[in-house]
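Reading through the structure tokens given below for one structure.
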Amino acid sequence: MMFARMGACSHGIAGSVPNFWLPDSASTLAVDIDRLFYWLLIVGTVACSLLVTILLRGLRCRRIEPSFHANDRLAVWMLAAILVLAFGGLAAAFGRGLTTWLEAHVPPADALEIQITAEPSAWRLEIPSLDVRANEFVVPAEQAVLLRVRAVGGAYRWSAPALRLNTVVGEGQETSVWFEASKPGQFDVIVGDESIGSHGIAPNRLRVLDRESFTGWASEHSSDATLPPVELGAKLFDKLGCAACHSTTAQQEGKACPPLGGRFGGTTTLIDGQSVTFDAEYVRESLNEPTSKVARGFAPVMPSFRDRLQPRQLDALVAYLESLR
Amino acid sequence: MNPPEHQAPSPVDGSPLGLGAWLRTHDHRHVGIMYLASVVFFFMVAGLLALALRFELFSPAADLLSPRGYQQLYSMHGVVMVFLVLSPAIVAALGNVMLPSLIGAARVAFPRANLFAFYVHTIGAVALTLPACVGMLEMPFSMLPTGDSTPVVRSPMWAALGLLAAAAWINAANLLATVHRHRAPTMAWTRLPVFVWSVYATALAQFLLIPAAGVVLFFAASHVPLPSDSGTWLAEWAPRVGGLYLRAALAVAILPGFGLVAELLRAHAKRPLFAHLGQVVAVLTMAWLALLVASVGAFEPWSTHLFPLASAFGLLATLPPWFLLVAWAVAIHRGIARRGPGLWYACSASLCFAMGTLSSAFLATLSLGDYLADTTFALAHQHYLMLGGTLMAFLGGVTHWWPRITGRQYREPVATCACLLVFVGFHLTFFSQFVLGARGMPRHLAGYADWSTRVLAAIEPWQRLSTVGAVLLAVGLFTVLGVLLHSLLREPAMEPPRSPS
């Protein structure tokens, strides 16, 4: 990741060259690959121009040879110089290519794992950690993504040129590649089915969403999306760690925070002596600003869930607590 | 294809030979001319297939051909071009016609085996192309591991390739023995022209590689299962061995092209070639490195640890060609004695070899190569080496030695125009492929209509330019054929042919 940050800092060179050769660079990998490409392009253009210049001079020359032409030592030096330069240029390309390749093969620990399963009839995308299932390619921006592509029933070639991704997956095999998309946008994905040589069933766009939009999309497409509110609330209660501090019965049961069973509809006395109704609004307030209305006898230690919950998830928690009679 | 009616008179009785004499000839020059006719014919066939592919890619939709049809067309184009045109063009055709003269030999080592090899080659050629003509083609041209093994085994393609490989092996053995045993007494190894060395290195590689591939395939084939079985040894090994043979064949097939350019320059330059021994060493190093790179590349699916090694070898392998190219440039720079189509072809082939070798560096660099793999950038790289380099050198060799082979003088201005047409058409066609590949266009894709408008705007104009270039290239190639065949209609030249060597 450190190298990726370094690459991102110096991408001004590649980013400012007009895009004749390469598509817009949309990932941190693209920055490194572009730099390699332009290096080889410059070295190659210089070498070819030298060659053509020497050729044309020889072809056009009709006079008697001046001493330069007959000077074999000069020719040997020229040959040696060009070869040394070529070797140097290629060695630099190899070294840089090697470091980029090594970096590209070791995903960072915080990479979000996305699985793509390719079948002749449909392509599926799954994000295990977020419990997401979808039929389109969506990834978050500025977040390392570990892409695992598995092919069932055929070999596929999957490439996203803007992100400089290009993988081939043999039948029954799985290929992993990690990348970090640098900006939101919509990019083409080219899928080739090696057995019939065409695509059409795979989605051909990759959408890169910024963090907020991605969280929203993930929650829409998670299996939670189809759960009824009470069950979703129960699942969230567990997943978000509420059960560690709050019990779901009327008794505290050895936990540090107010029990939540049977509280809905009743009244609660706060630290400062006020009384509030334990209703939906109180629950929402407690989730967003837990230290504002703390129940008497308890410490203000509850963390805030302000930016972590979608409105639908808030409603689900309210419905769940309401169901705890 | 029938051999032309008017030919250089037989040295025995001065009258043209009949068809029977042609089919029973022991003269290596006649065998070479028959190879030449076969190469020209299949060059046309495979070229027209390629033209059909380019017409399909002119528009984004897959309207002319179905994806399956497109796949079969490019498979046939590739197989015919590599095994029936590229492989025999310089080694078998020009090698048989010219090589013995270049080493001062009166005949080849095994004249009857030479003719036999030609027959095996022709039968193999028919076996390769006939199934496609009658609609029996079933060959996905892919290096990817496929689960289903039976089509690979059952296809007559493998039998045809086996026959062609056998013919190439006999021809290689013949050439090797000729160079070893039938050189003129004063022709020392160090005096052999670079062209002879390049053909020798190619023949040696074929001599060693074909039996090795054959043994592996034989053992694999002996495990051929009943149709109900699946997951056999053959299914796993055949694509790998086939891939190794194909990569090695491609890598070695361009070597004679380099040698031929050196020979054409030697014929036109004022002074002997610069750094002759260095060029010989470079040619031999190229052969060795090419085989190494092909071998490592064929084992790639088994170990990713080999990738850096393959990359290092791939990058190193671009250095000997650069040595040759710069040495040739220096030779030209020292002065040209005579100008002719041979020189123009040699110069354009040099430039194409330079660009092809450079693009090889792009593809061998580690992560950049992954991005460019299987795009049209790789296609352009191959075609710059095979078509722009080797086949243009072949055209140069045929044009340059035509008066010596046939005794007729072609119209030089037309031949020079044809060379220019081929040059311009070639670069229009294949430089566009470099640009397209860098922009992400994959190979083997018939239609690209469902891409976003922005990407289409970047891709489509270059596809159209490439197709226009292909038409121009076809016109140029037909002009070359026309001007050379037209010369056969004229009277034999009374004075010695103009090409001196």
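Everything quoted here is computed from the prediction, not taken from an experiment. In what follows, chains carry the letters A, B, and so on, assigned in the order in which the sequence lines appear, proteins first and then strands, with residues in each chain numbered from 1.
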Worksheet item: With a 4.0 Å cut-off, would you call R164(A) and D34(A) a salt bridge?
Response: yes

Practice prompt. Please confirm whether R439(B) makes a cation-pi placement over F20(A), using NZ or CZ under 6.0 Å from the six-membered ring centre and within 45° of the ring normal.
Written response: yes

Worksheet item: Relative to chain A, which segment of L436(B) carries a heavy atom at a distance below 4.5 Å: side chain, backbone, both, or neither?
Response: neither

Item to complete: Considering only heavy atoms and a distance below 4.5 Å, find which of L55(A), L40(A), I33(A) pairs most often with chain B.
Response: L40(A)

Worksheet item: Does any heavy atom of chain B fall under 4.5 Å from the side chain of A93(A), the backbone, both, or neither of them?
Response: both

Worksheet item: Of all of T318(B), L358(B), L368(B), T365(B), which one pairs up most often with chain A through heavy atoms under 4.5 Å apart?
Response: L368(B)

Item to complete: Sort out for me which of F434(B), F323(B), F362(B) touches chain A most, counting heavy-atom pairs under 4.5 Å.
Response: F362(B)

Worksheet entry | Which atoms of A361(B) approach chain A - backbone, side chain, both or neither, heavy atom under 4.5 Å | both

Worksheet item: At a heavy-atom separation under 4.5 Å, does L102(A) approach chain B through its side chain, its backbone, both, or neither?
Response: neither

Response to the item:
In terms of heavy-atom pairs under 4.5 Å with chain B, the winner among A47(A), C48(A), P161(A), A91(A) is P161(A)

Worksheet entry | Contact class of L79(A) relative to chain B, heavy atoms under 4.5 angstrom | both

Worksheet item: Relative to chain B, which of S159(A), A160(A), G97(A) shows the most heavy atom pairs under 4.5 Å?
Response: G97(A)

Worksheet entry | Largest heavy-atom contact set with chain B, pairs under 4.5 Å, which of V52(A), D188(A), L22(A), L98(A) | D188(A)

Discussion item. Is it the case that atom CH2 in W217(A) sees more than 12 heavy atoms from other parts of the structure closer than 6.0 Å?
Written reply: yes

Worksheet item: Most heavy-atom pairs under 4.5 angstrom with chain A, which of V435(B), L351(B), V330(B)?
Response: V435(B)

Discussion item. Using a 6.0 Å cut-off, check whether atom CD of Q186(A) has over 12 heavy atoms from anything other than its own residue.
Written reply: yes

Fill in: Part of A162(A) within contact of chain B (heavy atom distance under 4.5 Å)
neither

Worksheet item: Do you know which of A364(B), A327(B), S350(B), A312(B) has the most heavy-atom pairs under 4.5 Å to chain A?
Response: A312(B)

Worksheet item: Stepwise, does the side chain to side chain contact (heavy atoms under 4.5 Å, CB included) test hold for D370(B) with W101(A)?
Response: CA-CA 9 Å; D370(B) 291 333; W101(A) 184 78; 3.6 Å; yes

Practice prompt. Quick one: which of L29(A), L36(A), V43(A), I82(A) has the most heavy-atom pairs under 4.5 Å with chain B, could you say?
Written response: L36(A)

Worksheet, complete the sentence: Assert top hit (heavy-atom pairs under 4.5 Å, partner chain A, pool A275(B), G437(B), P442(B), A269(B)) equals P442(B)

Worksheet item: Distance-only, no hydrogens or angles: does the W178(A) side chain make a donor-acceptor pair with backbone N or O of E103(A) under 3.5 Å?
Response: yes

Item to complete: Would you sort out whether Y384(B) and H427(B) count as a ring pair (Phe, Tyr, Trp, His ring centres under 6.0 Å), showing the intermediate values?
Response: CA-CA 9 Å; Y384(B) 261 84; H427(B) 282 285; 5.5 Å; yes

Worksheet item: Hey, does the side chain of S176(A) reach the backbone of L147(A) with a donor-acceptor pair shorter than 3.5 angstrom?
Response: no

Worksheet item: Any idea how H444(B) and Y74(B) line up, ring-wise: parallel (<30°), tilted (30 to 60°), or perpendicular (>60°)?
Response: parallel

Worksheet item: Between W21(A) and F431(B), how do the two ring planes meet: parallel, tilted or perpendicular, split at 30° and 60°?
Response: perpendicular

